[in-house]
Structures are given as C-alpha cells and as structure tokens.
Amino acid sequence: MANFKEPNIDAKFLKPYDSAGTEEANYSAWEKSGYFNPDISVRKGVTKPDAKAFSIVLPPPNVTGTLHIGHAAMLAIEDIMVRFARMRGMKTLWLPGTDHAAIATQSKVEDIIYKEEKKRRHEIGREELLRRVNEFASKSHDTIVSQTKKMGASIDWSREAFTLDEKRNFAVRTAFKQMYDDGLIFKGHRIINWDPKGQTTISDDEIVYKEEKVKFYYFKYGPFIIGTSRPETKFGDKYVVMHPDDGRYADFKHGQKIDLEWINGPISATVIKDKSIDMAFGTGVMTITPWHSNVDFEIAERYKLDKEQIIDKTGRLLPIAGEFAGQKITEARAKIVEKLKAKGLLEKEEDYTHQIATAERTGGIIEPQIMNQWFIAVNKTFKAKNSKLKGIKKGQEVTLKELMLTVVKNGQTKILPDHFEKVYFNWIENLHDWCISRQIWYGHRIPVWYKKSEKSGEKGGDSVSETYCGVDAPTGDSWTQDEDTLDTWFSSGLWTFSTLGWPDAWDAVTGEAKKGSDLAVFHPTSILETGYDILFFWVARMILMSTYLLGDIPFETVYLHGLVRDGQGRKMSKSLGNIIDPVDLINKYGADAVRLSLIIGTSPGNDLKLSEDKVKGYKHFANKIWNISRFVLSYAGDVPYEENFAKYSEADMKLNEERSALIEEITKEMEEYKFYIVGEKVYQYIWRRFADQILEESRPVLEKGTPEEILSRKQFLQHTLVKMLLVLHPFMPFVTEEIWKSMPVGNKKDFLMLENWPL
RNA sequence: GGGCGGUUAGCUCAGUUGGUAGAGCAUCUCAUUGACGUUGAGAGGGUCAGAGGUUCAAAUCCUCUACCGCCCACCA
C-alpha cells in the first residue's frame with residue numbers, strides 16, 4: 001500500500017468541495033479574460049476566424065423585479081448550449097439584455113408610489129414618473145445581472161442591450177416607419193380592449209380570463225324576453241337580434257320597428273336577423289351594445305347600425321344613462337335592475353358563471369371600447385422587399401400572417417418539442433390585427449406627429465389636419481408628437497436583430513447585412529430558448545418582425561422549456577410562499593448543483609418539479625467528482641499525462657472503448673438538445689461505473705500489476721477524468737474548472753471552457 | 001365551445017425508428033476509520049389508465065373510453 005500514500009496534490013482536495021469559496025473567483029476570471037466575447041476569442045487565437053457562428057440571444061428578463069428559479073432554468077439550459085458550442089470551436093455569442101416591459105414596470109412603480117405617497121400618475125406628471133420608473137428599472141437591472149453571473153452564464157456582457165435604449169429606439173422607429181409606409185401600421189376606430197384600471201388599451205394576448213359568478217337577468221323588451229348579464233350597458237340598445245331561422249320569431253321581419261317601454265322611457269327598437277345568434281342560448285333573442293362588445297360590434301358593422309358609447313374610460317355611465325349618469329357600472333347595475341323590476345320588466349334572474357376578461361398586469365376588468373388606435377394589419381397584403389424564405393419570392397404579394405405560417409411550415413424554423421408547432425399554427429390562424437398603441441408613458445413613443453386644425457376635437461384624432469410618420473421628428477413648428485407609446489412586444493419583436501446592429505448594419509438597397517457586421521455574422525441566430533408561455537407574445541412576434549423587415553428567419557430552432565414548479569407540482573407564487581430564490585439555493589448548494597437539478601428529470605415543453613432534496617443530491621455529485629479527482633490525482637497523477645497513449649493493456653483498451661462509445665452517444669444527444677439524457681448518462685457513468693466499479697478494480701491493478709499494467713491504468717484514469725471534466729463542463733462549469741486547474745495536463749489553454757469537446 | 005398534452009415502481013420522471021420494462025430519490029438487509037462529513041454491495045416493488053385493433057412481436061402504431069392538466073375563445 002506504500003505507493004498509495006503519495007498525496008502530492010493540492011491541499012484543497014483534502015477538504016470537501018467548497019462551491020461558495022470558488023465560484024466567484026472562477027466567474028470573474030472567465031469574465032476578465034474576455035473569452036465570452038467571440039471577437040476576443042478570435043483575436044487570442046482560441047477560435048478560428050472562419051469558424052461557424054453559434055448565436056443565441058438571452059430572452060431579456062423584465063426589469064420589473066429579479067430573477068426567479070424559472071430564469072435560472074433558462075440560464076442553465078442556454079449556458080449548456082453556449083459552452084458546448086464554444087468547446088466545439090464555434091464562434092459563439094450569447095447576447096444579454098433586459099426588457100423594459102412597459103405596462104408591467106410602469107404599473108408596478110405606480111403601485112409603489114400610491115402605496116407610499118397616495119399619489120396617482122397624473123399627480124406626479126410624465127417626466128417625474130419616468131424618472132422614478134427608470135430608477136426602479138436600473139436597480140432591477142443590476143440585481144438581474146449579478147444573479148445571472150452567479151449562475152455561471154458565459155454571456156458576452158460587452159454587447160448588452162436594453163429594449164428601451166437609444167439603439168433599440170432607433171430600430172423601433174425605423175421598423176414603425178417601414179410598416180407605416182407599407183400600410184401595415186394604420187390608425188383607426190376599432191373596438192379594443194380598454195383597461196380602466198391601467199387607463200390604457202391592451203392587446204388580445206394580455207387578457208387573462210377569470211371565472212366569475214354573476215346573475216343572468218331576463219327582461220321584457222317589448223314582445224321579446226332578452227337575457228343579459230350586463231344590464232348597465234343596455235341604455236342605448238335599440239336593436240333586437242335573432243336568428244333568421246328561429247321559428248318562434250318568424251312573425252318579425254328584419255328591419256321592422258317596434259315601440260316599447262325601456263329603462264328610461266319609451267324607445268323604438270329595430271329587429272335584426274343574424275345567423276350569429278345561438279337559438280339555444282337564453283331566449284334566442286338579444287339586444288346589442290356595439291360600443292362595448294366585440295360580437296355586437298361585428299353585427300353592427302354588418303348592417304351599418306348606429307353605435308353609441310355608454311360607459312366612459314373610467315368605467316362610469318355617460319349621460320345617455322339618464323338618472324344613472326356618472327355612476328360606476330358596478331354600483332349602477334343593482335339599481336338598474338331594481339328600476340326595471342319596479343317597472344315590471346324583470347322576468348326572472350338566474351345564477352350564471354362565465355369567464356370575465358381582465359388585464360394581465362393590473363387586474364382591471366376589461367371594458368371593450370371603440371377608440372382611435374394604432375394597429376398592425378396581419379391580413380393585409382404587401383410586396384415582400386426581399387426574401388430568404390423558402391416559398392416566398394422577392395416582390396411577391398404576401399401578408400404578415402402568411403410569413404409567420406410559412407417559415408414554420410417549411411421547416412426553416414423548427415419548434416421543439418414539435419407538438420408546439422400545432423399550437424403555433426392554431427394561434428396564427430385565429431390571429432386578429434394587433435393593437436400596438438398604449439396610453440402609458442413608459443415605452444417607445446409612437447414616431448408620428450400631427451398638425452392640428454382649428455376645430456377642436458380628440459387629440460390625435462378628428463382634429464388633425466396633417467399626419468407625419470418618420471424616424472425623426474418633422475421640421476417646422478406646430479407639430480405635436482402622438483402621446484401614446486408602443487406595446488412592449490413591438491420592441492422585443494425586433495430583439496434578434498436590433499441587438500446585432502440593425503438598422504445601421506443593414507443595406508436596404510441590397511437587402512443584405514453589411515459585410516463583417518454582427519448582423520451578417522450572427523443572424524439568423526442559431527436557437528431561441530425560452531418558456532412555452534411566451535410562444536405567442538414573443539416568439540411569434542419575432543418571427544413576424546424578422547420575416548417582414550429582413551426577409552429572413554430570426555432563429556433556426558426554438559427550444560421551449562417548461563415552467564418550474566415546487567416539489568408538489570404547484571406554481572410558485574407569493575401567496576403560497578413557495579417561491580425559491582435561485583441565489584439562496586446557489587449559496588446553499590452551489591451553482592453547479594442548482595444547474596444540474598434544473599436539467600435532469602426535465603424535458604422540453606414539460607414542467608419541472610423542483611425540490612430542495614434534488615438540489616442537495618447534485619451537491620453530493622459535485623463533491624463526488626471532487627473526490628474522484630482526488631483519488632486519480634493522488635494515485636495516478638505521478639506519471640506525465642500522455643494525450644495519445646498507445647500502450648493500453650487489454651483491459652484498459654476495453655474500458656477506453658466503452659468510454660468512447662459513451663462520448664459518441666452523448667455528443668449526438670447534445671446536438672439534439674437532449675441535455676436531460678446527457679446529464680443523466682454522464683452522472684451514471686461517473687458515479688456508478690467509473691467510481692464504484694473502475695476505481696475499485698483499479699486498486700489491485702495499481703498495487704499488484706506489472707509496470708506496464710500500472711502505467712496503462714494510470715493513463716486511463718487520467719484520460720477518463722479529463723474527458724469527464726470536459727463533457728461535464730457545460731453542465732457544471734465551476735467544479736470542473738476548479739479541478740482542471742490542478743490537472744497535470746500539458747498545453748492547457750487558459751481555461752477548461754476553451755478546451756475542445758472530446759471526440 | 002376549439003386546440004394541445006399527460007396517465008409507466010411509494011415519489012419524480014426516462015424509455016431514440018415496435019423486439020419479454022429503466023434511473024434518481026424513498027424503503028429494507030448487509031458491509032465500512034478504505035478518495036468520499038456527501039461511502040459501498042444487495043433486495044423488494046410495475047397485467048406501462050382501461051377496452052378493442054394492426055403485427056410473429058405493442059409502454060411504443062391505429063380507434064374508442066375514463067380521469068388529470070394546459071392554452072385559446074366575451075353563449076348575449
């Protein structure tokens with residue numbers, strides 16, 4: 001046993017692996033070296049100048065708060081992709097940034113201000129509010145960056161972007177102008193989703209439906225009985241609609257006028273026959289309120305009916321409501337029912353459960369309103385300026401919707417797991433024009449200016465005598481810029497190329513990126529990794545913007561990860577108190593353990609259940625590797641490492657083949673993004689095979705074998721440790737890098753992360 | 001109402017083009033001052049939700065059913 005007592009190794013191996021004590025130093029050494037930046041890697045000779053590019057944009061976290069464990073999972077997956085690509089010699093760029101998140105951030109800051117100072121936004125003023133929001137955003141940003149670094153993300157910070165910075169603003173104005181000129185962005189009076197709480201419009205996607213139990217009332221409406229859950233909207237109802245085939249109402253003719261007694265006195269109602277009516281629902285008859293209902297609006301459009309506003313922007317009844325004018329709809333409802341009852345018009349009431357539309361960010365109950373807003377037309381044709389899209393030629397007449405469908409249908413952009421392609425198609429097919437104007441202050445101002453006429457009227461609306469849309473403000477006096485800002489997803493839709501230098505790096509004449517620019521080298525990006533919950537919000541919008549503005553896809557592959565849930569499968573939320581802060585876990589178990597626990601046992605598109613025990617288990621694994629290294633270094637580290645050792649014993653030859661086969665297998669799986677399988681296989685091999693069996697068997701060999709056998713085994717152990725550190729590095733960068741420092745390997749590059757993937 | 005998933009060991013989940021079921025954790029038994037504060041060896045445990053079909057062969061392909069989950073959708 002004498003030769004076993006040669007612990008000529010770093011003293012650090014005599015203690016268990018100390019993640020907390022080594023992670024920070026390793027990260028700052030990586031960062032300082034500049035190798036996260038592909039340009040520096042090329043300059044220093046680590047990456048070949050003509051190497052294939054691998055690029056990925058970080059889905060920019062919202063500056064509304066700090067990173068949660070879901071972000072940690074995202075960072076872990078992306079860092080694996082990035083480190084793997086880098087180790088394969090690719091010109092690798094991972095580009096970071098943050099998202100201003102418009103409504104989300106502004107409403108959060110407004111909440112804080114109201115809580116602390118009892119002041120509303122109009123009491124604070126545009127300038128001061130923006131100052132406060134920026135201050136908040138900047139704090140959030142700093143926290144996010146430091147959390148990201150703790151995870152070990154090998155990100156190129158020199159290229160960091162923000163969706164609301166100068167360059168991105170220029171990109172937004174340029175994109176807007178082009179869409180405006182093509183007629184794809186237009187302003188019009190349409191029915192939109194009004195959030196009375198946030199005092200802004202929101203897009204269809206920003207609505208969340210909540211179940212609500214209400215009363216469903218039946219009222220006498222002349223000869224009819226109509227059903228409604230919203231009596232407060234019924235003041236202006238003067239059209240009564242039924243199905244043309246409904247035999248119960250065959251005696252009434254389309255267009256027929258009927259005088260009847262209603263809430264505030266006698267009115268004249270007109271009969272409308274329309275096929276959209278469900279004969280089986282209620283009495284099969286309804287009255288319509290086109291100003292405050294999408295369906296009613298469509299019916300009114302079909303027959304050119306009058307539309308009247310009943311409810312104002314703050315949710316109060318207008319003068320048309322007579323004695324109820326000025327009341328909040330929530331208060332007025334019961335009183336109106338009371339009055340109708342008193343007039344003998346209430347037939348009956350029932351309990352009713354329905355889905356109520358609310359604003360995702362403020363929780364306000366959506367009130368549809370007809371308003372003059374900006375939209376992106378998804379069904380309008382235009383001529384494609386240039387196209388690298390399969391099946392679409394330059395100059396061809398297309399719609400945005402067609403572009404969005406085409407690139408996924410023809411496989412230019414693949415979505416993983418692939419069943420989400422069906423979800424994507426389903427969404428696109430039901431897509432309506434996208435309302436992009438918001439009545440909030442935090443965001444990109446709409447690059448449109450108006451000259452007002454003498455007549456008074458709604459600003460930016462009817463009183464306008466001249467409209468100008470441009471990247472920059474028009475010259476001359478008396479121009480006023482549109483007050484509104486853009487939906488936050490407009491700027492994030494440009495993210496893959498606005499971060500790479502578009503539009504400066506773009507040659508509009510040739511329809512190509514300028515040679516040598518980031519845009520030319522790194523776009524389309526290789527892969528987009530994000531949560532399935534923003535497939536519509538973001539992924540689809542990026543496809544829209546990129547296919548339209550560049551005539552190219554934004555990314556070749558979309559990898560959708562699932563949500564991280566707690567050990568019992570519940571969503572993490574403040575009220576449940578089950579939120580896990582990734583930094584707490586890292587401090588306790590190390591970033592490597594956290595990363596691995598977010599990878600193994602997950603698969604793309606499926607939610608992941610995370611318990612602290614799981615993380616703990618992988619902390620044990622990090623320590624296991626540490627001790628394996630200690631063993632190999634003390635018992636086999638005394639012979640010089642030979643990269644191409646040719647004199648393996650027969651037994652070691654077999655072991656070598658086994659290990660090569662494993663590496664070949666996992667390389668293929670890495671290319672297929674099956675990180676959960678690779679992680680598990682490497683775990684199995686290292687612990688169950690290498691440590692439990694091979695190392696155990698090595699004792700007698702090293703003790704009693706011939707000199708040749710001993711040398712062979714020592715080489716094999718060193719080789720295997722080196723290769724395992726390499727393949728494990730993308731998963732567990734810290735512990736592997738730390739061990740690597742002590743490996744007696746010649747010709748080492750500056751870091752393990754720069755070494756070549758073994759194959 | 002429309003769409004998409006899931007159902008495999010006590011728990012969490014793998015299972016690549018069909019070839020008599022796997023891992024981690026948990027449980028039980030034994031060993032252990034040996035690189036391992038975080039160790040090893042072994043064991044038990046599953047008619048793969050149910051029914052039918054295709055096939056020499058089905059967890060895997062097809063049809064139906066049941067239950068669970070998610071997304072979309074203003075039956076007023």
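A quick note: this is a predicted structure, and the numbers were derived from the prediction, not measured. Atom set for the values below is all heavy atoms of this structure, side chains included, hydrogens, waters and symmetry mates excluded.
- Distance CG (D418(A)) to P (C4(B)): 13 Å, rounded to an integer number of Å.
- Spacing between G22(B) and C64(B) at atom C1', rounded to whole Å, works out to 30 Å.
- Closest to the side chain of F216(A), out of G5(B), A76(B), U38(B), is A76(B).
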Where do N or O atoms of nucleotides 13-16 of chain B meet protein N or O atoms at under 3.5 Å, pair by pair?
from, atom 1, to, atom 2, distance (Å)
C13(B), OP1, K609(A), NZ, 3.0
C13(B), OP2, K609(A), NZ, 2.9
A14(B), OP1, S603(A), OG, 2.8
G15(B), OP1, Y676(A), OH, 3.4

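- Nearest to the side chain of P16(A), among C75(B), A35(B), G37(B), sits G37(B).
- In this structure U20(B) sits in no base pair that meets the Watson-Crick or G-U test at under 3.5 Å.
- D592(A) contributes a side-chain N or O that, together with a main-chain N or O of V735(A), makes up a donor-acceptor pair within less than 3.5 Å.
- A21(B) and U33(B) have their C1' atoms separated by 41 Å, with the value rounded to a whole Å.
- If you check every strand for non-hydrogen atoms under 4.0 Å, I277(A) touches a base.
- For Q684(A), whose side chain is taken as the heavy atoms from C-beta onward, the closest listed nucleotide among A23(B), C36(B), A76(B) is A23(B).
- Remark: the backbone N or O of L431(A) is paired with a side-chain donor or acceptor of K401(A) at under 3.5 angstrom.
- With hydrogens and angles left out, the side chain of K422(A) and the base of C4(B) share no donor-acceptor pair within 3.5 Å.
- As rounded to whole Å, 7 Å separates atom P of A76(B) from atom NE2 of H354(A).
- Distance L610(A) CG to C11(B) C1': 15 Å, rounded to the nearest Å.
- Spacing between A35(B) and G24(B) at atom P, rounded to whole Å, works out to 24 Å.
- Two rings, from H620(A) and Y618(A), have their centers 6.0 Å or more apart.
- Taking atom C1' in both C28(B) and G45(B), the straight-line distance is 11 Å, to the nearest Å.
- Nucleotides U63(B) and U27(B) place their P atoms 43 Å apart, quoted to the nearest Å.
- Comparing A31(B) with C36(B), their C1' atoms sit 16 Å apart, to the nearest whole Å.
- Note on G284(A): a base of the nucleic acid sits closer than 4.0 angstrom, heavy atoms only.
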Please enumerate all protein N or O atoms sitting under 3.5 Å from an N or O of nucleotides 71-73 of chain B, with distances to 0.1 Å.
none

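- Taking every side-chain heavy atom of E696(A) into account, A35(B) is the closest of U38(B), A76(B), A35(B).
- Within 4.0 Å of Y218(A), counting heavy atoms only, lies no atom of the nucleic acid at all.
- Nucleotide U32(B) has no partner under the Watson-Crick or G-U criteria, as no pair reaches both atom distances under 3.5 Å.
- Contact check for E529(A) versus H561(A): side-chain heavy atoms found under the 4.5 Å cut-off.
- A salt bridge is absent between E612(A) and K616(A); no separation between the charged side-chain nitrogens and carboxylate oxygens falls under 4.0 Å.
- For an aromatic pair to be called close, the ring centres must be under 6.0 Å apart, and Y249(A) with H243(A) fails this.
- Side-chain N or O atoms of K273(A) include one that pairs as donor or acceptor with a backbone N or O of F252(A) at under 3.5 Å.
- A donor-acceptor pair shorter than 3.5 Å can be found between the side chains of D607(A) and Y532(A).
- Geometric assessment of K619(A) against the ring of Y589(A) yields a negative cation-pi assignment under the 6.0 Å and 45° thresholds.
- Seen from the ring of W194(A), K313(A) counts as a face-on cation partner, given the 6.0 Å and 45° thresholds.
- Checking A76(B), U38(B), G5(B) against the side-chain heavy atoms of M286(A) singles out A76(B) as nearest.
- If you check every strand for non-hydrogen atoms under 4.0 Å, A280(A) touches nothing.
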Task: Footprint string (nucleotides 25-33 of chain B, 5' to 3'): B base within contact, S backbone only, - free, heavy atoms under 4.0 Å - done: ---------

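- Atoms CH2 (W626(A)) and P (G37(B)) sit 13 Å apart, rounded to a whole Å.
- With respect to the salt-bridge test (charged N to carboxylate O, under 4.0 angstrom), the residues D652(A) and R659(A) do not qualify.
- T667(A) and I663(A) get closest at one heavy-atom pair: OG1-O, 2.6 Å.
- Shortest non-hydrogen contact noted between L717(A) and S698(A) is CD2-OG, 3.8 Å.
- At the heavy-atom level, I288(A) lies nowhere under 4.0 Å from the strands shown.
- Closest to the side chain of D692(A), from the set A76(B), U38(B), A41(B), is A41(B).
- For the C1' atoms, the distance linking G50(B) with G44(B) amounts to 28 Å, nearest Å.
- For the P atoms, the distance from C13(B) to U8(B) is 10 Å, rounded to whole Å.
- When ring centroids are compared, H719(A) and Y641(A) come within the 6.0 Å threshold.
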